[in-house]
Amino acid sequence: MNERFDPAVADQRWQRVWDERQCFAASDTTDKPRAYVLEMFPYPSGRIHMGHVRNYTLGDVLARYKRMTGHEVLHPMGWDAFGMPAENAAMEKGVHPGGWTRENIANMKAQLKRLGFALDWSRELATCEPDYYGHEQALFLDLYEAGLVYRKESAVNWDPVDMTVLANEQVIDGRGWRSGALVEKRKLSQWFLKITDFAEELLEGLGDLKDWPDKVKLMQENWIGKSQGLEFAFTLSNGESLPVYTTRPDTIFGASFVAVAADHPVAQTVAEGSSEAQAFIVECKRGGTTAAELETAEKLGFDTGLTARHPFSGADLPVYIANFVLMDYGTGAIMAVPGHDQRDFDFATKYGLPIVRVVATDPAEADKPFAGEAEAGDGVIVNSDFLNGKSVADAKADVIARAEQGGWGEGKTVWRLRDWGVSRQRYWGTPIPFIHCDACGVVPVPKDQLPVVLPEDVDFQTPGNPLLRHPTWKHVDCPKCGKPATRETDTLDTFVDSSWYFLRFASQPADRPFDPGVVAQWLPVEQYIGGIEHAILHLLYARFWTRALRRTGLINVGEPFASLFTQGMVTHETYSREQNGRDVFYSPAEVERGGESATLIEDGGPVEIGRVIKMSKSKKNVVDPDAILADYGADAIRWFMISDSPPERDLPWSIAGIEGCARFVQRLWRLFGQYDAGAEGEDKALDRKRDQTVAAVADDIEALAFNKAVARVYELTTAIEKAQPSASRSSAIRAILLLVAPMMPHLAEEAWDAIGEEGLIAEAAWPPVDPALLVDDEVTIAIQVKGKLRDTVTVAKGTAKDELEALALASEKVQRALDGAEIRKVIVVPDRLVNLVA
RNA sequence: GCGGACGUGGCGGAAUGGUAGACGCAGGGGACUUAAAAUCCCUUGAGCCUUGCUCGUGCGGGUUCGAGUCCCGCCGUCCGCACCA
């Protein structure tokens, strides 16, 4: 064996062998148990970043481990290839989005290959290719036939200077990112998917997802937002009826005004007779469409002069048009209870409206003033006539019952979840397969005419949707009547692309989206891994899409992802200098890092080491995986990714850390070099340590607690190094080689070959363990006096309680700590501790 | 603004309510070497009256024989908020 392991040679060598032997191609026809391991596929931005390396390393370790434990593993990779960055590149650099994207894919694929991931490249897909999005169009038509697709008006961010629709991230401080113009809300007719039809199912389904993080399930639950409340109608002073919805009917006596959305019919009617109301409604159109923006904006209202009669008290409440009321939720009108809703509180404070307490922690505090904010918590009802003294829950039920009895309202379930708007006024996406005909209306493209392919000859020099401007593309004959008609020029949200790619990975026939029988063999995904930022939208849409396909009879899978894991971000410290009162940042490549300081290579002067934050271009704290790969090899970078930080938390990148990993690669290599197949003699303690480590590492990998597995590998390595040569020692070396095979596959193959083993370690079996060796026969007992540790004693496992107590009392240290005090109580936990309470 | 999480040495972290700090990094000391690299050994929470004792898991309370872990209230940081992916 060579003295040093050379990753530059070994990485390439084994990557070629894996490729040639098609080691990681998943078979659809096998008797083995299946394991579908999937990481969220990347957007092809051009270069792999550390976040990708982490994500795919986590999945790869699991996939390789699953293979070693006898599973047929499906571990595919593809590209989420539609989206805005390609169009931005087209505008900025004059390149075609397709060419730019495909070049990025080629680069990133080469980078992934250099990391030695055990991926089935034969199933690679890119969502921007017609052989993917054509099937998506077919599925969209299936959902249309099932009644799950419709069109309605919906607001977008409109840039009045560029005359274009902006994404939320393109709106900065209420202005268009390029033009700087104030953005307005504009209504367009757009395509929607009826995700709300599945609200109950999606909520209920969360209960079956035992291996999803509770936080993700909770976030989805809150997002779906099922609420039981009361819908009832106020009678207005003009005789009209105004339906409102409230989740807090218990607070009805605290209502001090009524508010409607700016696009509510009542607001429209009022505006007809008032130019001031009109102006206010126009004012409400200013600004973007995001929830965060709407809710942090100053609460504004317009007094319509109308009043609404309170159903119990008969009081006349003023009716406002308010910018914080949403037309999309409930009825677009609310009864406002300032004491117990913060938005209402802010509004009432601004317009001098009464704030009445109707919930208190104690009936005696009925007139306690508010401490500058609303109180949304539980309590007892006060100042509320017949509701006084009731709990919040009882009062809710009582008011709903009275409303239903009186025939002026009814209990109702309302969802926060809104239907999914999938229209995008952009070029680089899946064309929505519909045709607009003056005579026949909106007509689906017949399936035999799919795919509707994007035109290649498009111009990005003018803002707006190139499909709309294209001279010929949209002009077609109506499939129904044959007369001239136009294509739909909106494309699909890229979340649609990522809502079924995991099905296409499992099965990809040419003539249809997938084969349901093959899909059933692989789905659900056994382990899905990706960022927490996808906790709601992507995961909810994928769950919805899967259920929608089941309802249309296309598949028989409900939940696509059996187990979900959300990994943390890769972070790095920042380097900066203050210049002219501003921080100038330097990249890690420009800086020489010492133990506790850092200097700029260019001039040798010091730079300030800043906080450890998410790698980002603006702070220049980005490290390119390729450079690391070239310096340290794939195994070192993979080892770094799984060491130290638990995968769900942030991982701080450091050059010292990667150097430590590279050193450990060499240390293992030296250890493997000491393997002696002919060594004799038994080392019971090492045998025990070996099997305990094998069992624990297996548990850790299955729990994705890789940092713990890594710590155990270090411990076993040290134990082997300290042991004398023996058959046990060689056996332990062989075991640790198998343990690290999923983590450092190149080193493992090289060593496997060097010690004379047959075949590839990638195809070897996980080492078996002897259950008898897993339990220790001795344990160390803690001896406490009044809960404080005073001594320890090592005894045989299972030593009796009274014996432990006697040992504790016999301890000199214990006697000194007791200092003659009388023992009042003794707590003995077998194999754990003795606590003497004096 | 609303929803969700996280907080333990210089750093990343470990710890079924039961010996806080496993393991790694960084630091200190030493061996080997002409020297360096590489490697190996020892050491490293803070404080003190140092056979040992006291304090210590963001802050303030509480439950318990015993709390990093459970409960209540704060503070700070991060993620999401429906057209970024």
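Numbers restart at 1 for each chain; the letters A, B, ... are given by sequence-line order, proteins then strands.
rC75(B) and rA82(B) have their P atoms separated by 26 Å, with the value rounded to a whole Å. Comparing the C1' positions of rA14(B) and rC84(B) gives an interatomic distance of 37 Å, to the nearest angstrom. For the P atom pair drawn from rU69(B) and rG62(B), the interatomic distance equals 14 Å after rounding to whole Å. The separation of rG73(B) from rC78(B), taken at their P atoms, amounts to 24 Å, rounded to a whole angstrom. The same atom, C1', is picked in rG28(B) and in rA35(B); the two are 22 Å apart, to the nearest Å. Taking atom P in both rG47(B) and rG3(B), one finds a spacing of 44 Å when rounded to whole Å. On the P atoms, rU44(B) is 10 Å away from rA22(B), given to the nearest whole Å. Between the C1' atoms of rG9(B) and rC23(B), the separation comes to 14 Å (whole Å).
With a 6.0 Å radius and a threshold of 12 heavy atoms from other residues, nucleotides or ligands, K217(A) has its NZ atom above the threshold.
For the pair A817(A) and L417(A), both in contact range of RNA chain B, the more 5′-proximal nearest nucleotide belongs to A817(A). Nearer to the 5' terminus of RNA chain B, by closest-nucleotide assignment, is the contact made by M219(A) (compared with the other of M219(A) and A711(A)).
rC81(B) and rG1(B) make up a base pair, with Watson-Crick or G-U wobble contacts both under 3.5 Å. Nucleotide rU34(B) is matched to nothing when pairs are restricted to Watson-Crick or G-U wobble geometry with both distances under 3.5 angstrom. The nucleotide rG52(B) finds its pairing partner in rC48(B), both defining distances of the Watson-Crick or G-U wobble pair being shorter than 3.5 Å.
Across all strands, H538(A) comes closer than 4.0 Å to no nucleic acid atom at all (heavy-atom distances). T792(A) comes within contact range of at least one nucleobase, with a heavy-atom separation under 4.0 Å. Heavy atoms of V171(A) sit nowhere under 4.0 angstrom from any nucleic acid atom. Among the heavy atoms of the strands, none lies under 4.0 Å from I613(A). As judged by a 4.0 angstrom heavy-atom cut-off over every strand, V710(A) is placed among residues making no nucleic acid contact. Using a 4.0 Å heavy-atom cutoff across all strands shown, S643(A) reaches no nucleic acid atom at all. Within the nucleic acid shown, K614(A) has no heavy atom closer than 4.0 Å to any nucleic acid atom. When heavy atoms are screened at a 4.0 angstrom cut-off, W420(A) is found touching no nucleic acid atom at all. Among the atoms of the strands shown, only primed sugar atoms or phosphate atoms (P, OP1, OP2) are found under 4.0 Å from some heavy atom of G421(A). Nucleic acid contact for Q784(A): base, since at least one base atom lies under 4.0 Å from a heavy atom of the residue. R712(A) comes within contact range of no nucleotide atom at all, as no heavy-atom separation falls under 4.0 Å. Within the nucleic acid shown, P646(A) comes within 4.0 Å of sugar-phosphate atoms alone, with no base atom in reach, counting heavy atoms only. The residue Q425(A) sits close to a base: some heavy atom pair falls under 4.0 Å. At a threshold of 4.0 angstrom between heavy atoms, the contacts of S498(A) with the nucleic acid are absent.
R416(A) has no side-chain polar atom (N or O) that falls below the 4.0 Å cut-off from OP1 or OP2 of rC81(B). For rC53(B), neither phosphate oxygen OP1 nor OP2 lies less than 4.0 angstrom from any side-chain nitrogen or oxygen of K788(A). Between R649(A) and the phosphate of rG13(B), there is a side-chain N or O to OP1/OP2 separation shorter than 4.0 Å. Between R424(A) and rC83(B) there is a side-chain polar atom (N or O) within less than 4.0 angstrom of OP1 or OP2. Of the side-chain N and O atoms in R663(A), one or more sit less than 4.0 angstrom from OP1 or OP2 of rA26(B). The side chain of N707(A) places an N or O atom within less than 4.0 Å of a non-bridging phosphate oxygen (OP1 or OP2) of rA14(B). Side-chain nitrogen and oxygen atoms of K825(A) include at least one within less than 4.0 Å of the OP1 or OP2 phosphate oxygen of rC65(B).
In summary, the side chains of D159(A) and S179(A) do present a donor paired with an acceptor at a separation below 3.5 Å, with no hydrogens or angles considered. Between the side chains of N465(A) and Q425(A), no donor-acceptor pair is found at a separation under 3.5 Å.
Atom NZ in K786(A) sits roughly 19 Å away from atom C1' in rA67(B) (whole-Å rounding). Atom CZ in F706(A) sits roughly 20 Å away from atom P in rG24(B) (whole-Å rounding). Atom-to-atom, NE2 of H534(A) to P of rC84(B) comes out at 12 Å; the value is rounded to the nearest Å. Atom-to-atom, CD of Q170(A) to P of rC83(B) comes out at 13 Å; the value is rounded to the nearest Å. rC74(B) atom P lies 9 Å from atom CD of E373(A), rounded to whole Å.
Annotated as syn: rG9(B), whose O4'-C1'-N torsion sits within 90° of 0.
Remark: R426(A) CZ to T494(A) OG1 distance equals 9.0 Å, nearest 0.5 Å.
Remark: the E293(A) side chain and the rC81(B) base include no donor-acceptor N/O pair separated by less than 3.5 Å. Between the side chain of N168(A) and the base of rC83(B), no donor-acceptor pair of N or O atoms lies under 3.5 Å. Within 3.5 Å, no donor on the side chain of N222(A) pairs with an acceptor on the base of rG3(B), nor the reverse.
Checking each of Y501(A), F495(A), W223(A) against Y541(A) for a ring-ring contact (aromatic ring centres under 6.0 Å, His included) leaves exactly one that passes, namely F495(A).
The shortest heavy-atom contact between G421(A) and D493(A) is O-OD2, 4.3 Å. What you find for M40(A) and L539(A) is that their closest heavy atoms are CE-CD2, 4.4 Å.
By the 30° and 60° cut-offs, the orientation of the rings of H572(A) relative to Y575(A) is perpendicular.
Taking 4.0 Å as the cut-off between side-chain N and carboxylate O, R175(A) and D173(A) do not count as a salt-bridged pair.
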